Amino acid sequence: MQVTLKNFTKTFDDTTVIDSMNLAVNDGEMLALLGPSGCGKSTTLFAICGIHRINGGQILFGDRDVSDVPSQKRNVGVVFQNYALYPHLTVFENIAFPLSVRGDSKPDIEREVRAIAALTHIEELLARRPAQLSGGQQQRVALARALVRKPDVLLLDEPLANLDAKLRLEMRSEIRRIQLETGITAILVTHDQVEAMSMCDRIAIMNKGEILQIATPTDMYRAPVNKFVAGFLGNPPIVMLEGRTSGDGRFLVKEGTSLPLPARLAGMPGDTPLSLGVRPEHFGAAGANRVEGTISFVEPQGRETLFDVTLDDGVVLRSIQPARDDVVFGQKVVWPLDAEKLLAFDVSGRAV
Amino acid sequence: MTRNFSAWPIYALLGILSAPLAIMYLFLVIDTFTNAPPGSLIPNEFTFHHWRFLWDPTVTGDVWGPTLTTFLFATSMVVIVLAISSTAGYAISRLNLPFRRFFLSGIMVMHAFPSVTLIIGVFLVLQYAGLYNTLIGVILVKASLMLPFGVWIMKGFYDQVPWEIEMAGVQDGASRFTVWRRLILPQVTPGLLSLGIFAFIDGWSEFMLPRILAPSANFQVLSTYLNVVSDPNSTTYNFNLFKSVGLYYTLPILVLFVVFQNRLMNIFGGGTKG
Ligand SMILES: Nc1ncnc2c1ncn2[C@@H]1O[C@H](COP(=O)(O)OP(=O)(O)O)[C@@H](O)[C@H]1O
Ligand SMILES: [Mg+2]
């Protein structure tokens with residue numbers, strides 16, 4: 001089921017949290033709403049499922065305008081951040097609740113619950129109560145309950161935020177597997193770029209109630225539309241250097257260092273203020289240009305090692321490389337910089 | 001409980017402090033079943049004589065009528081207080097009511113208000129409504145006076161139920177009423193239980209209101225009955241008999257406390273599960 005937001009506006013009392021947002025989620029797609037805390041992701045989600053009334057615009061499921069349809073009739077499955085399982089009911093009763101409210105017969109309920117429990121791998125937990133489950137198991141039950149009615153849309157609000165690191169990894173692929181197996185249209189709200197990139201077909205990145213860019217994870221990572229997006233994606237994050245063009249295809253960092261510009265920007269007139277974004281994987285690995293500096297920080301991360309390199313004038317570049325211990329703190333290095341991969345942004349932050 | 005220090009000094013101190021009370025109660029119980037020679041505290045014969053009021057209406061008048069009335073009174077209190085507190089508490093905790101703030105502050109004020117000062121107004125209302133000198137009138141007044149407490153307590157319990165649970169229920173297709181009845185109410189049952197017991201005890205022990213609002217009615221509750229028995233000027237006055245009736249009157253409350261004492265405490269914790 002395609003979900004479309006048209007000029008969606010939401011205000012709380014006097015503050016406008018979302019102003020005229022447009023978004024289209026394709027049928028069967030999993031879309032991430034990614035953005036920092038407080039940017040209005042949950043608000044958008046709750047508007048789609050009908051918990052919040054919208055103050056302007058339209059919400060469409062397929063061709064149907066559901067803006068004024070109450071939650072109960074929207075047929076949307078929601079997984080809440082804290083799972084919101086019913087503590088006094090067993091897992092079976094939790095999952096059966098949407099069906100029993102609908103008035104399904106006992107054998108139907110029994111069959112549907114067992115089927116969804118098989119899909120989410122919780123068959124052996126059906127007799128337990130939520131308090132007797134681990135975080136990951138609660139998450140599976142919440143998913144099962146949201147899916148058992150065969151909703152048109154599945155909404156997930158920070159589903160992994162309450163899990164520890166190992167479970168998070170496991171549930172990341174599990175949620176994606178279940179979404180693919182059911183073919184359901186899903187919207188995942190998260191502030192974690194890794195989650196968004198690893199689980200979703202496309203990402204809609206938000207800031208301050210506004211969608212900045214909608215793209216596949218790879219496209220968004222490679223070609224962010226502005227500085228905010230570039231800074232939000234990528235861990236370790238991109239390094240931003242402020243400076244001006246020289247006019248002859250180079251970039252003068254305001255501290256003094258001169259770096260090459262990518263070929264596509266070589267023709268820029270001189271003295272144009274720019275921000276140059278250097279991702280850590282584009283420094284120290286490959287490239288035609290050499291940059292000299294001193295190692296000022298080493299962080300071994302197991303498979304990779306992260307370095308900070310301070311150039312002569314104090315500019316710090318970051319480099320991530322396959323684990324190596326031949327380079328130590330304080331050592332002078334001359335590493336290649338892949339100028340073609342550099343990102344550039346004008347004074348207003350837009351990519352150029 | 002931390003085990004860093006031994007607990008017995010505290011028990012000993014509490015024991016000594018409550019000893020007078022315990023001893024008095026012990027003697028109360030013993031006295032109702034025994035006779036002692038004049039001038040002595042030590043009983044010398046066992047007897048059911050002081051309990052004969054239970055089967056012999058000529059002693060102090062019929063005790064079963066007032067018992068039944070008191071039971072009715074207390075049960076009605078439970079029903080009214082629970083029905084209204086469970087719904088009003090929910091509305092105040094969750095629904096976007098007009099005048100919600102006004103209700104809240106009203107409840108706080110009523111909660112702190114000495115109810116005796118309302119009695120004249122209540123008296124006039126009852127007169128006007130034709131409920132003066134009736135059991136229903138007294139029940140209604142007593143229940144209303146308890147409602148601010150009940151609504152406030154239940155609001156506290158509802159406040160503890162996560163908002164998401166309710167929204168999850170709505171998403172699952174249930175109406176707000178179904179959500180309340182099937183998902184929310186089960187989570188505030190500890191509150192309902194405690195409140196119900198408090199309402200029962202409060203109704204059971206009420207003395208003032210029947211006295212003032214139904215002075216010449218044709219019913220009696222146990223407290224007013226006890227008051228008659230305890231009148232030293234009456235011809236039937238007997239101190240041991242008075243003690244037996246008193247003990248009989250207290251017994252249900254003692255039983256309730258003993259059975260539910262753990263549950264009663266959580267009303268002060270606002271529903272945190274122990
Ligand atoms: N019920 C509400 N009343 C008033 N303001 C709210 C309400 N819900 C959210 N907000 C505000 O809306 C903004 C967006 O919130 P939210 O959608 O929860 O952000 P997030 O992206 O972290 O999920 C925040 O500034 C928050 O304070
Ligand atoms: Mg949120």
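From a predicted model like this one, the values you see are computed outputs, not experimental measurements. Sequence lines set the chain letters: A, B, ... in the order given, protein chains first and strands last, and positions in each chain run from 1.
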Kindly check if the number of other-residue, nucleotide or ligand heavy atoms within 6.0 Å of CZ (B:Phe99) is above 12? no
The test is side chain to side chain contact (heavy atoms under 4.5 Å, CB included); show your working for B:Met167 and A:Phe46 and say whether it passes. CA-CA 10 Å; B:Met167 288 305 121; A:Phe46 292 151; over 6 Å; no
Does B:Leu254, at its CG atom, have more than 12 non-hydrogen atoms belonging to other residues, nucleotides or ligands within less than 6.0 Å? yes
More than 12 foreign heavy atoms under 6.0 Å from CZ of B:Phe219: is that the case here? yes
Within this structure, what is the CD-CG distance for the pair B:Glu164 and A:Leu85, rounded to the nearest 0.5 Å? 11.5 Å
Got a sec: does the CZ of B:Phe103 have more than 12 other heavy atoms crowding it under 6.0 Å? no
Measuring heavy-atom distances to chain B, does A:Arg74 have an atom under 4.5 Å in its side chain, in its backbone, in both, or in neither? neither
Roughly how far, to the nearest 0.5 Å, is the CG atom of A:Asn82 from the CD1 atom of B:Ile165? 7.5 Å
Could you tell me whether a side-chain N or O of A:His88 sits under 3.5 Å from a main-chain N or O of B:Leu185, the two making a donor and an acceptor? no
Closer than 3.5 angstrom, by distance alone: can the side chain of B:Gln171 be matched with the main-chain N or O of A:Cys49 as a donor-acceptor pair? yes
Heavy-atom closest pair, residues B:Ala174 and A:Gln72: O-NE2, 2.9 Å
Counting only N and O atoms by type, is there a donor-acceptor contact under 3.5 Å from the side chain of A:Tyr86 to the main-chain atoms of B:Gly169? yes
Crowded around B:Tyr25 OH? As in, over 12 foreign heavy atoms under 6.0 Å? no
Kindly give the heavy-atom pair with the smallest separation between A:Val101 and B:Gly173, and that separation in Å. CG1-O, 3.3 Å
Which atoms of A:Arg149 are under 4.5 Å from chain B, going by heavy atoms: the side chain, the backbone, both sets, or neither? side chain
